[in-house]
Number of protein chains: 2
Amino acid sequence: MAKRAPRRTDGLSKEVIVQAAAAILDDGGEAALTFRALTARLSTGYGAIYHHVANKSDLLAAATDAVIARVMGDAVVEAEPREALRTVSLGLFDAIDAHPWVGAQLSREPWRPALLEVYERIGGLLEALEVPERALFDAAGALVNYVLGVAGQNAANARLLTDGEGDRAAFLATVSAQWESLAPEKYPFVHKAAAHLREHDDREQFLAGVDLFLAGVATLR
Amino acid sequence: MAKRAPRRTDGLSKEVIVQAAAAILDDGGEAALTFRALTARLSTGYGAIYHHVANKSDLLAAATDAVIARVMGDAVVEAEPREALRTVSLGLFDAIDAHPWVGAQLSREPWRPALLEVYERIGGLLEALEVPERALFDAAGALVNYVLGVAGQNAANARLLTDGEGDRAAFLATVSAQWESLAPEKYPFVHKAAAHLREHDDREQFLAGVDLFLAGVATLR
DNA sequence: ACCTGAACACCGTTCAAGT
DNA sequence: ACCTGAACACCGTTCAAGT
C-alpha cells in the first residue's frame with residue numbers, strides 16, 4: 001500500500017491554481033477557500049501551491065485580477081461614449097454580482113493592476129464625453145469608486161443570501177417590514193422607502209445612479 | 001500562589017467589551033482583534049466575553065454601529081440641504097478614514113441598523129432638495145452607496161499604509177511612477193492621470209464626487 | 001447570573017525530505 | 001525544479017467547573 005497519494009502527472013501552474021481557487025470561491029464563498037480544500041481539489045500538497053503562489057492574499061488578488069481582466073476583455077466597444085459607460089459599468093456590476101468575493105477583494109485592495117484597465121476605459125470614455133480637463137480625474141475617480149462601491153455592497157448582500165439559507169424576496173421583505181415598523185415621525189424617509197425596497201431592482205437602481213452621475217458630469221461642459 | 005488571575009471587581013458589559021474591541025481595532029487593525037487580545041485587555045476569560053456577545057461578527061458589527069451612531073449624532077443640522085449633505089458625507093468619510101475597519105465592516109454588512117440613520121438623514125435632505133418622488137429612492141441609494149463605497153476604498157488605502165511601513169507620499173509616488181511608465185499609446189488616460197494622482201487630496205476628490213452627484217440630482221427637478 | 005481557562009477543531013504557513 | 005505532508009503557531013468557540 002502506497003503511503004503517499006499518487007503524484008500529479010500534469011504540471012501545476014499559477015494559472016491552474018488560480019482557476020481552482022476561483023471555482024472554490026464561486027461554489028462556497030470566501031470561507032470555503034482554504035489551502036486544505038485547494039490541495040484536495042488539485043490532488044497536491046501545500047508546498048506545491050506555495051511554490052507558485054506567495055500566500056493566500058496573492059492567490060485572492062490573482063483570482064480577482066483574472067475576473068476583472070475577463071470582464072474588460074469582453075466589454076464591447078460602443079460608438080456612443082455615454083452608452084459605453086453604462087455598458088462597462090453594468091459589466092463590472094454583473095461580474096461582481098456573479099462572483100461576490102471579487103467585490104470584497106476589490107474593496108480590500110483598490111490599487112490592483114486589474115483596475116488600471118477599468119480606469120483607462122472609464123477615463124477615456126469620460127474624455128470622449130468632453131469632460132473638461134480640470135474635472136476629468138475627479139470624475140473618473142468618483143465614477144470608478146461608485147461602480148466598485150455599489151457593486152461591492154451588492155455583492156455583500158448576495159453573499160448574505162448564499163451563505164444563509166433565505167432567498168432574496170424573503171430577505172427584502174424582512175428588512176422592508178423592519179423599516180416599515182419604524183415610527184414615521186422619527187424616520188419619515190426610511191418609512192416611505194420601505195415599500196420601494198421590496199420592489200426595487202438592484203441592477204436598475206445601480207444604473208440610475210450611473211445616470212445621475214453622468215447627468216452631473218454633463219453640467220460641467 | 002494563586003492559580004487563577006484575579007477576578008474583575010467591576011462587572012463586564014457589552015458596551016465595555018465593544019469599546020475595548022474598538023480600541024484594539026484602532027491600534028492594530030483588524031488582524032489585531034482576537035479573543036485572546038481582548039481577554040488580556042479586559043483581564044477576563046473567553047466565556048465572560050461570549051456571555052455578552054454572540055461571536056466575533058456580532059462584536060465587529062456592534063463596534064461599527066457605535067462609530068456610525070456617534071458620527072450621526074455629532075453631525076450638525078444645517079439650514080441649507082446641499083451644504084448639510086456635504087457635511088454629513090464628509091463626516092462619514094472622516095470617521096471611516098479614522099477607523100478603517102468600519103469601512104471594511106460596512107461593505108461586509110450593509111444592512112446594519114446604524115445605516116438607518118444614514119439613509120434617513122441623506123434621504124430627508126434630498127427630499128428637502130425637492131428631488132421628485134420617483135427618483136428619490138434611487139438617488140438616496142446611489143448617494144449612500146457612493147459615500148460608503150469611496151470611504152471604504154479610502155479606508156483600504158489607509159489600512160495598506162498603516163499595516164505596512166510606508167508613508168502616503170511614498171506610496172502615491174510609487175503608484176504614480178508605475179502609471180507613468182505605461183505606454184501612452186495603450187494607456188493614454190492613466191498615463192496622464194499619474195501626475196494628478198501624486199498631488200490629489202482624497203477628501204477633496206471625495207467631495208468633488210458628491211458635488212457631481214448633487215449636480216446630477218439637480219437636473220431632475 | 002456571571003465568570004474562568006483548558007480543550008477542540010479548525011486555520012495559514014514552513015520545511016525537511018522525497019523525485 | 002517541483003512536489004509531499006507532518007508539524008508549528010496561531011485562530012474562534014465551547015463547556016465543565018468555579019463564585
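The chains referred to below are lettered A, B, ... by the order of the sequence lines, with proteins before strands, and numbering in each begins at 1.
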Please report, rounded to the nearest Å, how far the P atom of C:dG12 is from the OH atom of A:Y50.
7 Å
To the nearest angstrom, the CZ-P distance between B:F35 and D:dT13 comes to 5 Å
Please find the pair of heavy atoms, one from B:F189 and one from A:A140, that lie closest to each other, and give the distance.
CZ-CB, 3.5 Å
Of the listed D:dT13, C:dG12, C:dC3, the closest approach to the B:L12 side chain comes from C:dC3
Could you tell me the separation between the CD1 atom of B:I49 and the P atom of D:dC11, rounded to a whole number of Å?
13 Å
Look at B:H52 and C:dA1 and indicate whether a side-chain polar atom (N or O) is within less than 4.0 Å of OP1 or OP2.
no
Measure the distance from CG on B:L38 to P on D:dC11 and round it to the nearest whole Å.
13 Å
Return the polar atom pairs (N/O with N/O) between nucleotides 6-8 of chain D and the protein under 3.5 Å, or none.
none

Using a 4.5 Å cut-off on heavy atoms from C-beta on, say whether the side chain of A:E127 contacts that of B:P188.
no
Taking atom P of D:dC10 as reference, at what distance in whole Å does atom CD of B:E30 sit?
20 Å
Start at the 5' end of DNA chain D and walk down; is the nucleotide closest to B:K56 or to B:G47 reached first?
B:K56
With side chains defined as the heavy atoms from C-beta onward, is the minimum distance between B:V118 and B:L148 less than 4.5 Å?
no
Measure the distance from NZ on A:K14 to C1' on D:dA1 and round it to the nearest whole Å.
18 Å
From NE2 of A:H51 across to P of C:dA16 the rounded distance in Å is 16 Å
Looking at the rings of A:Y119 and B:Y187, which for Trp means the six-membered one, are their centres under 6.0 Å apart?
no
Round to the nearest Å and state the distance from B:L60 atom CG to D:dG12 atom C1'.
12 Å
Which part of the nucleic acid does A:L33 contact within heavy-atom distance under 4.0 Å: base, sugar-phosphate only, or nothing?
sugar-phosphate
SB check A:R108 B:E30 (cutoff 4.0 Å)
no
A side-chain contact here means heavy atoms from C-beta on lying under 4.5 Å apart; do B:T44 and B:I17 qualify?
no
Would you check if A:V210 and A:L90 make a side-chain contact, meaning some heavy-atom pair closer than 4.5 Å?
no
Indicate yes or no: at least one non-hydrogen side-chain atom of B:L106 is less than 4.5 angstrom from one of B:I96.
yes
Which string of ( ) [ ] | and . matches DNA chain D, if you list each base 5' to 3' and count Watson-Crick or G-U pairs only when both distances are under 3.5 Å?
||.|||||...|||||.||
Quick note, A:A48 side chain, CB onward, closest among D:dC3, C:dT13, D:dG12 is D:dC3
Within a strict 4.5 Å, meaning less than it, do heavy atoms of the B:N154 and B:F206 side chains meet?
no
